[in-house]
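Sharing a structure here in structure tokens format.
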Amino acid sequence: MLKIYNDLTREKETFVPLQEGKVTMYVCGMTVYDYCHLGHARVMVVFDLVYRYLKACGYEVNYIRNITDIDDKIIKRANENGEPFTELTRRFIEAMHEDSEALGILPPDAEPKATDHIGEILAMIGRLIERGHAYAAGNGDVYYDVRSFPGYGKLSGKSIDDLEAGARVEPGEVKRDPLDFALWKAAKPEEPAWDSPWGRGRPGWHIECSAMSTKALGDTFDIHGGGADLTFPHHENEIAQSEGATGHPFVRYWMHNGFVRINEEKMSKSLGNFFTVREILARYRPEEVRYFILTSQYRSPLNYGDEQLDNARGALTRFYTALRGLPEAVPLEANPYSERFLAAMDDDFNTPEALAAMFDLAREINRLRKGGEGAAAGLGAELRRLGGILGILREDPDAFLRGGDPAVDAGLSDAEIEQLITERLSARKDKQWAEADRIRHVLKKRGVILEDGAGETRWRRE
RNA sequence: GGCUCGGUGGCAGAGUGGUUAUGCAGCGGAUUGCAAAUCCGUGUACGUCGGUUCGAUUCCGGCCCGAGCCUCCA
């Protein structure tokens with residue numbers, strides 16, 4: 001039975017979807033004005049994992065991940081580049097798709113864009129004004145009246161009074177209350193703008209998610225996710241908007257993933273201490289990056305460092321070594337390791353514990369294969385199946401083990417390596433150990449490790 | 001200042017009121033022409049001070065330290 005930590009209640013709760021057998025899920029995606037960094041990668045991997053696991057549990061999942069393609073930063077960057085904002089966003093949407101595909105992220109069922117939902121956004125703002133939750137400020141802006149929504153602060157655990165004590169008030173403020181936030185922003189000259197009953201302008205950031213999620217999934221849906229920094233104010237505001245507009249509960253389970261950290265500090269654009277997915281993929285393989293993200297529970301901080309990525313490489317090598325050479329077989333699903341794996345995943349997606357179960361399974365495979373590779377095949381197939389739920393272990397074992405380090409020059413070609421191995425085999429046959437060792441050392445120097453087995457010699461790159 | 005969340009063995013990172021996490025690294029053994037891989041064995045780890053308890057790393061409280069949100073941020 002799946003349990004999910006619900007940020008709304010700060011408790012692990014048994015997951016029961018609104019509609020039996022079906023799950024509706026919305027995740028806040030990217031604002032597309034730059035390349036994805038590791039923090040974005042974590043969101044994508046974490047909720048891809050949730051998506052895959054829910055499907056593995058037999059649910060029919062409708063997974064929506066939005067794209068924010070209009071906001072202040074996009075406008076600013078497009079102006080700096082001297083290009084239309086639509087050209088900027090088109091490019092970075094494409095880049096995001098390349099990155100997510102590289103990381104083995106399944107495409108969501110839909111990826112709505114803010115600019116395609118101006119009509120829905122305007123309709124929702126209209127309803128909020130009708131219901132007394134929003135007001136036009138007179139300068140063309142429309143604001144949400146935070147005091148009009150009694151539940152404001154319930155997700156982030158903040159009270160309006162506490163927030164107000166520390167709120168800063170901008171000069172020339174047209175809001176009634178400093179905490180009120182923009183639903184619609186009047187356009188300045190030269191800015192992208194759409195017509196509205198309040199004059200030309202563009203949507204505020206928070207309203208798009210309320211409008212798009214409600215349109216795609218209904219007034220109430222099951223899971224809403226995103227990075228922990230979105231809890232306040234973004235998700236708090238979404239609740240106020242959606243519940244204020246529809247009068248129905250918005251989201252049943254709120255999930256937030258922890259940050260990627262670097263030297264004990266949050267990785268973020270503003271701190272400038274971020275690595276893009278592209279930079280990391282130049283040095284590590286996609287599966288290693290994905291594994292690294294899975295080594296920590298999704299709500300915990302994830303410390304980035306070469307040591308951690310190297311560790312991921314070593315761990316995957318162990319799995320693929322266990323799988324190497326096993327014949328195809330039907331996964332042997334009934335075994336204590338898989339039970340432990342599923343129990344771990346059911347416990348709020350405890351991937352470190354799930355991986356631990358997989359390592360124990362790998363050990364069992366290694367034990368069994370002493371009695372012949374066939375004996376271990378069923379469990380090997382099962383290990384792959386479990387890996388598939390996490391989105392790892394999809395490659396051919398030999399291909400992975402011979403893949404090497406993307407940052408290191410390929411050195412010898414596969415054919416050259418095979419040639420040297422053939423030469424060495426004949427030397428060994430004649431018990432010319434000195435020659436055999438010479439070839440071993442030559443290959444070792446080029447990053448190739450030989451493993452002499454019964455009747456054949458296997459190789460892999462370090 | 002307000003509100004959250006953490007502090008686990010060399011590193012990473014789970015978990016539990018009394019019994020082995022797991023991976024990497026280390027050490028000993030088996031195996032191997034030598035290796036590698038693999039298997040077996042191996043570490044008086046739970047920030048600190050009190051409290052509850054027959055017993056606490058695990059529950060409660062104080063303290064110290066760290067991170068995050070309160071402003072755009074995944």
Side-chain angles (χ1 to χ4, degrees), chain A residues 7 10 27-31 34 36-47 71-73 76 153 156-159 161-168 170 179 205 225-234 236 256-261 264-271 274 291-292 294-297 299-303 305 307-319 321-322 324 340 344 347 350-360 362-370 401 428 431-434 436-437 440-441 444 448-454 457-460 462:
Chain A
D7 275 306
R10 293 204 180 78
V27 170
C28 287
M30 275 194 71
T31 300
D34 209 341
C36 296
H37 66 236
L38 239 196
H40 299 112
R42 189 175 192 194
V43 180
M44 291 196 281
V45 169
V46 162
F47 289 99
D71 92 319
D72 291 351
K73 285 182 180 162
K76 182 164 177 265
S156 53
K158 298 177 188 303
S159 78
D161 293 329
D162 287 346
L163 285 166
E164 224 149 53
R168 34 172 216 208
E170 304 287 333
L179 296 180
W205 175 35
D229 43 4
L230 297 187
T231 309
F232 189 90
H234 185 55
E236 197 69 70
H256 294 98
N257 63 272
F259 300 125
V260 177
R261 299 203 307 192
E264 301 297 306
E265 233 180 10
K266 177 183 172 181
M267 177 183 288
S268 77
K269 296 246 173 159
S270 26
L271 290 171
F274 62 92
Y291 182 93
F292 158 64
L294 298 174
T295 53
S296 129
Q297 207 269 351
R299 285 186 283 118
S300 301
L302 176 65
N303 290 302
E307 217 176 311
Q308 282 83 333
L309 270 297
D310 290 341
N311 183 45
R313 179 168 295 177
L316 286 169
T317 298
R318 178 159 170 82
F319 281 132
T321 303
R324 184 168 54 173
R340 199 175 136 212
D347 183 17
N350 190 339
T351 47
E353 175 68 17
L355 289 168
M358 287 172 64
F359 281 114
D360 285 343
R363 175 175 294 115
E364 185 61 22
I365 289 168
N366 287 330
R367 282 194 204 110
L368 286 173
R369 70 192 305 157
K370 289 190 173 160
L401 294 169
R428 290 186 70 212
K431 296 199 192 283
Q432 293 175 13
W433 305 127
D437 289 347
R440 177 194 290 289
H441 292 137
K444 175 87 168 84
V448 177
I449 295 180
L450 300 184
E451 299 175 17
D452 292 328
T457 292
R458 283 170 165 157
W459 65 272
R460 64 190 165 92
E462 279 181 299

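These numbers come from a predicted model, not from an experiment. A, B, ... follow the sequence lines: proteins, then strands. Residue 1 opens every chain.
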How is His37(A) classified with respect to the nucleic acid when contacts are heavy atoms under 4.0 Å: base, sugar-phosphate, or nothing?
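Base contact.
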
Is Ser270(A) touching bases, backbone alone, or none of the nucleic acid, heavy atoms closer than 4.0 Å?
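If one applies the 4.0 Å heavy-atom cut-off, Ser270(A) turns out to touch a base.
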
Test salt bridge (charged side-chain N to carboxylate O under 4.0 Å, His left out) applied to Asp360(A) - qualifying residues, sequence neighbours left out:
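If we apply the salt bridge (charged side-chain N to carboxylate O under 4.0 Å, His left out) test to Asp360(A), skipping adjacent residues, the hits are Arg340(A), Arg363(A).
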
Reckon Asn303(A) touches a base, only the sugar-phosphate, or nothing at all at heavy-atom distances under 4.0 Å?
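Sugar-phosphate, backbone atoms only, no base.
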
Separation between the C1' atoms of G6(B) and G15(B), rounded to whole Å
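Approximately 16 Å lies between the C1' atom of G6(B) and that of G15(B).
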
With Arg299(A), which residues qualify under side chain to side chain contact (heavy atoms under 4.5 Å, CB included), at least two apart?
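Side chain to side chain contact (heavy atoms under 4.5 Å, CB included) list for Arg299(A), sorted by chain: Tyr5(A), Lys12(A), Gln297(A), Asp348(A).
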
Rounding to an integer number of angstrom, what distance separates U58(B) and U19(B) when you compare their P atoms?
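Going atom to atom, P in each nucleotide, I get 13 Å.
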
Using ring-ring contact (aromatic ring centres under 6.0 Å, His included) as the criterion, list what pairs up with Trp205(A), not counting sequence neighbours.
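Only His234(A) meet the ring-ring contact (aromatic ring centres under 6.0 Å, His included) criterion with Trp205(A).
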
Which pair of heavy atoms, one from Arg428(A) and one from Ala436(A), lies closest together, and at what distance?
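Taking Arg428(A) first and Ala436(A) second, the nearest heavy atoms are CG-CB, 3.6 Å.
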
Mind checking side-chain hydrogen bond (donor to acceptor under 3.5 Å, both in side chains) for Thr457(A) and listing every partner two or more places apart, or none if nothing turns up?
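Here the qualifying residues are Asp452(A).
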
Return the set of residues passing ring-ring contact (aromatic ring centres under 6.0 Å, His included) with His40(A) (not counting sequence neighbours), or none when no residue passes.
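Here the qualifying residues are His37(A).
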
With a 4.0 Å limit, can you tell me whether Arg428(A) has a side-chain N or O closer than that to the phosphate oxygens OP1/OP2 of G33(B)?
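It does not, given that no N or O in the side chain of Arg428(A) lies less than 4.0 Å from OP1 or OP2 of G33(B).
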
Please classify the nucleic acid contact of Met267(A) as base, sugar-phosphate, or nothing, using heavy-atom distances under 4.0 Å.
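Base contact - Met267(A) has a heavy atom under 4.0 Å of at least one base atom.
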
If we check side-chain contact (heavy atoms from CB on, under 4.5 Å) with Phe292(A), which of these qualifies: Leu302(A), Leu316(A), Val45(A), Asn303(A)?
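Testing each of Leu302(A), Leu316(A), Val45(A), Asn303(A) against Phe292(A), the sole residue satisfying side-chain contact (heavy atoms from CB on, under 4.5 Å) is Leu302(A).
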
Determine the contact category for Leu450(A): base if any of its heavy atoms lies under 4.0 Å from a base atom, sugar-phosphate if only primed atoms, P, OP1 or OP2 are that close, otherwise nothing.
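Base contact.
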
Determine whether Arg324(A) and Glu451(A) satisfy the following criterion, salt bridge (Lys or Arg N to Asp or Glu O under 4.0 Å), listing intermediate values before the conclusion.
CA-CA 12 Å; Arg324(A) 184 168 54 173; Glu451(A) 299 175 17; 2.6 Å; yes

In chain order, what residues pass the salt bridge (charged side-chain N to carboxylate O under 4.0 Å, His left out) check against Lys370(A), with sequence neighbours excluded?
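Here no residue qualifies.
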
For the P atoms, the ones on A45(B) and on U8(B), what distance do you get once it is rounded to whole angstrom?
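Here A45(B) and U8(B) have their P atoms 14 Å from each other.
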
Within the structure shown, what part of the strands sits under 4.0 Å from Arg367(A) by heavy-atom distance: base, sugar-phosphate, or nothing?
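Sugar-phosphate, no base atom in range.
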
Across the strands shown, which category fits Val260(A) at heavy-atom distances under 4.0 angstrom: base, sugar-phosphate, nothing?
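Base contact.
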
It should be established whether Asn350(A) places a side-chain nitrogen or oxygen under 4.0 Å from OP1 or OP2 of nucleotide G15(B).
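Looking at the OP1 and OP2 atoms of G15(B), one of them is under 4.0 Å from a side-chain N or O of Asn350(A).
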
Can you sort out the partners of Glu462(A) under salt bridge (charged side-chain N to carboxylate O under 4.0 Å, His left out), two or more places apart, ordered by chain and number?
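Salt bridge (charged side-chain N to carboxylate O under 4.0 Å, His left out) list for Glu462(A), sorted by chain: Lys444(A).
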
Looking only at side-chain N and O atoms, does Ser300(A) come under 4.0 Å of OP1 or OP2 in A14(B)?
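Indeed, a polar side-chain atom of Ser300(A) lies that close.
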
Hey, does Glu264(A) reach any base, or is it just sugar-phosphate, or nothing, if we go heavy atoms under 4.0 Å?
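Sugar-phosphate contact only - Glu264(A) comes under 4.0 Å of backbone atoms but never of a base.
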
Please work out if Ser268(A) contacts a base, only the sugar-phosphate, or nothing of the nucleic acid, heavy-atom cut-off 4.0 Å.
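The answer is base, as Ser268(A) lies within the cut-off (heavy atoms under 4.0 Å) of a base atom.
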
For Ala322(A) versus Ala362(A), what's the shortest heavy-atom pair and its separation?
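Here Ala322(A) and Ala362(A) meet closest at CB-CB, 4.0 Å.
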
With sugar-phosphate meaning primed atoms plus P, OP1 and OP2, does Gly305(A) contact a base, only sugar-phosphate, or nothing at under 4.0 Å between heavy atoms?
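The answer is nothing, as Gly305(A) stays clear of every strand by at least 4.0 Å.
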
Could you list the residues that satisfy ring-ring contact (aromatic ring centres under 6.0 Å, His included) with Phe47(A), not counting sequence neighbours?
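Partners of Phe47(A) by the ring-ring contact (aromatic ring centres under 6.0 Å, His included) criterion come out as none, since no residue qualifies.
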
Closest-nucleotide ordering on RNA chain B, the 5'-leading residue of Asn257(A) and Leu179(A)
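Its nucleotide being nearer the 5' end, the pick is Leu179(A).
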
G9(B) to A25(B) separation - C1' atoms, rounded to the nearest Å
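The answer is 12 Å between these two C1' atoms.
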
What is the distance, rounded to the nearest whole Å, between atom CD1 of Ile449(A) and atom C1' of U38(B)?
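Rounded to whole Å, this separation is 14 Å.
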
Counting Watson-Crick and G-U wobble pairs whose two distances are both under 3.5 Å, find the runs of 3 or more in a row that involve RNA chain B.
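Paired runs of 3+ in RNA chain B: B:1-7 with B:64-70, B:10-12 with B:22-24, B:26-30 with B:38-42, B:47-51 with B:59-63.
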
Considering only atom C1', compute the distance from C49(B) to A56(B) and round it to an integer number of Å.
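To the nearest whole Å, 15 Å.
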
For nucleotides G10(B) and C34(B), find the distance between their P atoms and express it as a whole number of Å.
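It comes out at 35 Å once rounded to the nearest Å.
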
Can you name the residues that form a salt bridge (charged side-chain N to carboxylate O under 4.0 Å, His left out) with Asp34(A), not counting sequence neighbours?
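Asp34(A) satisfies salt bridge (charged side-chain N to carboxylate O under 4.0 Å, His left out) with Arg77(A), Lys269(A) only.
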
Heavy-atom contacts, protein to nucleotides 23-31 of chain B, under 4.0 Å, summarised as B (base), S (sugar-phosphate only) or - (none) per nt, yield BS-------

Sub-3.5 Å pairs of nitrogen or oxygen atoms, protein against nucleotides 1-6 of chain B:
{"residue": "G2(B)", "atom": "O2'", "partner": "Asp162(A)", "partner atom": "OD2", "Å": "2.9"}
{"residue": "G2(B)", "atom": "N2", "partner": "Lys158(A)", "partner atom": "NZ", "Å": "3.1"}
{"residue": "C3(B)", "atom": "O2'", "partner": "Gly157(A)", "partner atom": "O", "Å": "3.2"}

Closest approach of Leu271(A) to Ser268(A) (non-hydrogen atoms, all atoms of both residues)
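Looking at all heavy atoms of both residues, the closest pair is N-OG, 3.2 Å.
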
Within the structure shown, what part of the strands sits under 4.0 Å from Lys73(A) by heavy-atom distance: base, sugar-phosphate, or nothing?
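Base contact.
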
Using atom P of each nucleotide, how far apart are U44(B) and C59(B) to the nearest Å?
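Rounded to whole Å, the distance is 25 Å.
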
Assign Asn366(A) to base, sugar-phosphate, or nothing according to its heavy-atom contacts below 4.0 angstrom with the strands shown.
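If one applies the 4.0 Å heavy-atom cut-off, Asn366(A) turns out to touch the sugar-phosphate alone, with no base involved.
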
Integer angstrom distance from the C1' of U32(B) to that of G66(B):
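These two C1' atoms come out 49 Å apart once rounded.
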
Does the side chain of Lys76(A) get closer than 4.0 angstrom to OP1 or OP2 of C72(B) through an N or O atom?
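No, because none of the side-chain N or O atoms of Lys76(A) sits under 4.0 Å from OP1 or OP2 of C72(B).
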
